[in-house]
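Following: one structure in structure tokens, then a few remarks.
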Amino acid sequence: MKVILAKSAGFCYGVARAVKIAHEIAENGGGAMLGSIVHNANVVEELEQSGMRRIESPDEARRGECVLIRAHGERKEILDTLAERGAVIVSAACPNVCHIQSLVTQAEQEGRRVVIIGESHHPEVIGISSWCTDPLIFENAEKAREYLEIHPDFANLPIILVAQTTCIRTVWESCVNFLKKECTNLKIHDTICNATQRRQSEAADIAAEVDAMVVVGDRKSANTRHLTEICRERCSKVLQIETADELSPEFLSGCRAAGLTAGASTPASIIMEVLTTMTEEIKTIEGTESFEEMLEKSFKTLNTGDKVTCVVTAIGATEIQVDVGCKQAGYIPVSELSSDPDVKPEDVVKVGDEIEAYVVRVNDVEGYATLSKKRLDAVKLWEDIESAVENKTVLEGIVTEENKGGIVVSVKGVRVFVPASQSGMPKDSDLSQMLKQKVQLRVTEVNRARRRVVGSIKSVANEARQAAQAAVWAEIEEGKHYDGVVKSMTSYGVFVDIGGVDGMVHISELSWSRIKHPSEIVAIGDHLDVYVIGFDAEKHKISLGVKDKTKNPWDVFMGTYQVGDVANVRIVKLMTFGAFAEVVPGVDGLIHISQIADRRIEKPADVLSENQMVDAKITAIDEEKKKISLSIRALLAPAAEEVAEEAAPVEE
């Protein structure tokens, strides 16, 4: 029997990001989680133990406390309440979910009715629903059909169609096909997460070729439940579990092949525990020996230099006793257990572990054999290092020292020299900053006789960067959102890394307000929620935006002011013919030179300066051209006229 583990099993990007942010908050003094940040009780419990306080309501948040918003996102009114209470909101909401929230908000402003394909009770859908008014939620095409039968006029409305990120692909496609036929003005956005689609597709393929399928994940998790449903369509024997304890030997009995997958909120530790349990169950089912085989084994003897497989039976202060499956008893001195002299035996092996060792000495008179795990490990490690050169295997190690020509990385006890040019750091960089860092490298040269190993970190980093770049270019599309990092800055904009590829955010796309330099609002290293405005795959150029298009400054202005109102404005630019002033962020008005003072002036700078705040009267609004005329003089003229009247002679 064999076990097939799905490559896509476990944490998706959004969940991994949420858990990472939670750990960072915990390490920096702790905070609160609003509800379960992911659908996995084990992960949430671990975060609580690390210093994250779990709260169920925004009313439990403390002023100034960091409150983490879960990967599924949250209702808008909840965020507003947290802000009112003075909490520091840290959003771990998946960028894909934030994108859907933005889509439905904008669509409703355009007059479209929002339709969500998903589960109405799911936290993600509940959160998305709060960003628009009275959306319709259909769990499948049948529900959509029932609604249209009762409300036939709905088919003629302008509609936007989005999906829960974990929606089953076949459910989404059946809804799209039905609504396309029925509705006359339908705008479709396929918002199913790419990772979800890959996970569901892989689970379906594995389920089709195995006799039994195990799905691991929290029972509250929608994507885990969907995986189970998909597997049951293709395999008659499917079991959904949360931990390895729920797996029984009977489930795998009689199977030639078994499959294993897991939901997006399932940590790798639980997946590996289930995989190990399945493997052990298979050994139990297949490993029964006949009496003749066991009798023959009992007569086997050991010889010095043999490599044997043994089972740990006891751990003492000075030695580890092992069963070598023959007439001699075996033991491993603690000094022969590991190359690390300070390691504790119980940290290396446990009773019941199956290990390999060299036979160092056999004493047939006393009936025991001395073995060494350390010597075999050393030989195997060098074999692994040598094969790593041939296979171009990526190895992992810790940077332990810096020397004149580069750095030294310890890979399972073997010193690997990495020249400065292969460190992945810029030329003439201070390599000491890499000390104690965990790095990945490839071995490029091995001389076992001289115990010399040379490696390259740069080649692995370059390959990872190229793979990330290829992934970005394969999936990029206009309007897609990314969590980007500001890498560099110029006077005309910033360059943002969106996962191995840099895109350009022009200064005009950074803010609705007029700014002179990007450094006024961002810094290198800042994370930005950016979206794609346009791209040229051949020239490898990407244009990005940051401004929230759903909050049009002109609409804000028109909803706040009208002709005759007085506004406190900021002078943003002085010209020869007048001054431009910001009325609301993103909307400027012109104060003509004749309207700056109640007297004739040579130039605006005689009276005004940039960034000065002044009161001005709105004298005209051109809605078509989106132009505003302002006047300071209109506020000064009445006062001037009163003074003139008082000074005039009284006629008798």
Side-chain angles (χ1 to χ4, degrees), residues 11-22 31-45 47-48 52-61 67-83 87 89-105 114-140 143 162-168 171-172 191-193 195-196 199-200 217-229 240 242 262-267 481:
F11 280 0
C12 67
Y13 162 75
V15 171
R17 174 175 172 270
V19 173
K20 179 183 177 184
I21 294 173
M33 300 179 290
L34 183 54
S36 299
I37 68 162
V38 295
H39 273 157
N40 189 281
N42 291 284
V43 174
V44 174
E45 183 179 350
L47 289 172
E48 287 181 304
M52 293 299 291
R53 190 171 69 93
R54 181 174 173 177
I55 61 176
E56 300 300 332
S57 165
D59 296 333
E60 299 175 49
V67 178
L68 185 63
I69 303 303
R70 56 188 167 186
H72 289 308
E74 193 51 87
R75 302 199 308 275
K76 188 175 184 300
E77 54 267 28
I78 294 290
L79 300 179
D80 293 340
T81 302
L82 285 172
I89 301 172
V90 180
S91 178
C94 173
N96 291 327
V97 175
C98 295
H99 177 48
I100 301 173
Q101 293 172 350
S102 177
L103 281 176
V104 300
T105 302
V114 175
V115 175
I116 305 170
I117 305 302
E119 300 171 352
S120 58
H121 61 278
H122 193 277
E124 178 190 315
V125 176
I126 294 172
I128 294 169
S129 299
S130 70
W131 292 83
C132 53
T133 306
D134 192 27
L136 290 173
I137 304 168
F138 298 140
E139 293 192 1
N140 50 49
K143 296 293 184 183
V162 297
Q164 182 180 334
T165 56
T166 56
C167 181
I168 296 176
V171 171
W172 164 256
T191 52
I192 297 177
C193 174
T196 296
R199 182 180 286 105
Q200 292 177 356
D218 196 292
R219 289 185 173 83
K220 296 178 183 177
S221 168
N223 70 78
T224 302
R225 188 168 60 254
H226 292 163
L227 283 176
T228 303
E229 294 169 4
Q240 181 181 331
E242 291 188 350
S265 299
T266 308
H481 282 243

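Just so it is clear, the structure is predicted and the values come from calculations on it, not from any experiment. Residues take their numbers from the sequence shown, with the count starting at 1. Side chains are part of it too, since the values below use all heavy atoms of this structure and drop only hydrogens, waters and symmetry mates.
- Scanning for ring-ring contact (aromatic ring centres under 6.0 Å, His included) contacts around H226 gives an empty result, with sequence neighbours left out.
- Annotation: side chain of V15 is not in contact with side chain of V43 (no heavy-atom distance under 4.5 Å).
- Taking both residues in full, the closest heavy atoms of V104 and V162 are given as CG1-CG2, 4.1 Å, listed atom of the first, atom of the second, then distance.
- The two residues N96 and C193 come nearest to each other via the heavy atoms ND2-SG, 3.7 Å.
- Under the 4.5 Å side-chain criterion, counting only non-hydrogen atoms from C-beta, Q200 is in contact with L227.
- Atom CD1 of I137 is separated from atom NE2 of H121 by 10.5 Å, given to the nearest 0.5 angstrom.
- Heavy atoms only, all atoms of each residue included: A92 and L68 are closest at CB-CD1, 3.7 Å.
- The two atoms that bring L79 and I89 nearest to each other are O-CD1, 3.5 Å, heavy atoms only.
- Rounding to the nearest 0.5 Å gives a distance of 9.0 Å between SG of C98 and NE2 of H481.
- Taking CG from L47 and CD from E45, the interatomic distance works out to 10.5 Å, rounded to the nearest 0.5 Å.
- Separating the CD atom in E56 from the CE atom in M33 is a distance of 9.5 Å, to the nearest 0.5 Å.
- At a threshold of 4.5 Å between non-hydrogen side-chain atoms, the residues T224 and D218 do not count as touching.
- Using a 4.5 Å cut-off on side-chain heavy atoms (C-beta onward), K143 and N140 make contact.
- The backbone N or O of A222 lies less than 3.5 Å from no partner atom in the side chain of E119, so there is not a single donor-acceptor pair.
- If you run side chain to side chain contact (heavy atoms under 4.5 Å, CB included) between L136 and each of V115, I117, V114, only V115 comes through.
- Looking only at distances, no side-chain donor or acceptor of S91 sits under 3.5 Å from a matching main-chain atom of I69.
- Taking the six-membered ring where tryptophan is involved, the planes of H72 and H122 are perpendicular, since the angle between them exceeds 60° and thus also 30°.
- Here the closest heavy-atom approach between residue N223 and residue S221 is recorded as ND2-OG, 3.2 Å.
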Before you tell me yes or no, could you show the steps for L82 and L34 under side-chain contact (heavy atoms from CB on, under 4.5 Å), namely the whole-Å CA-CA distance, both residues' side-chain angles and the distance that decides it to 0.1 Å?
CA-CA 10 Å; L82 285 172; L34 183 54; 4.1 Å; yes

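- Between S36 and R54, the closest side-chain pair of non-hydrogen atoms falls below 4.5 Å.
- With rounding to the nearest 0.5 Å, the separation of CZ in R75 from CD in Q101 is 12.5 Å.
- At a threshold of 4.5 Å between non-hydrogen side-chain atoms, the residues I116 and S129 count as touching.
- Residues R70 and P123 are in side-chain contact: their nearest non-hydrogen atoms beyond the backbone lie under 4.5 Å apart.
- Annotation: side chain of R219 is in contact with side chain of E242 (closest heavy-atom distance under 4.5 Å).
- Across A163 and C167, no two heavy atoms sit closer than the pair CB-CB, 4.3 Å.
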**Request:** Check step by step if side-chain contact (heavy atoms from CB on, under 4.5 Å) holds for E139 and S120.
**Result:** CA-CA 7 Å; E139 293 192 1; S120 58; 4.0 Å; yes

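- Here the NZ atom belonging to K76 is positioned 10.5 Å from the OG1 atom belonging to T81, to the nearest 0.5 angstrom.
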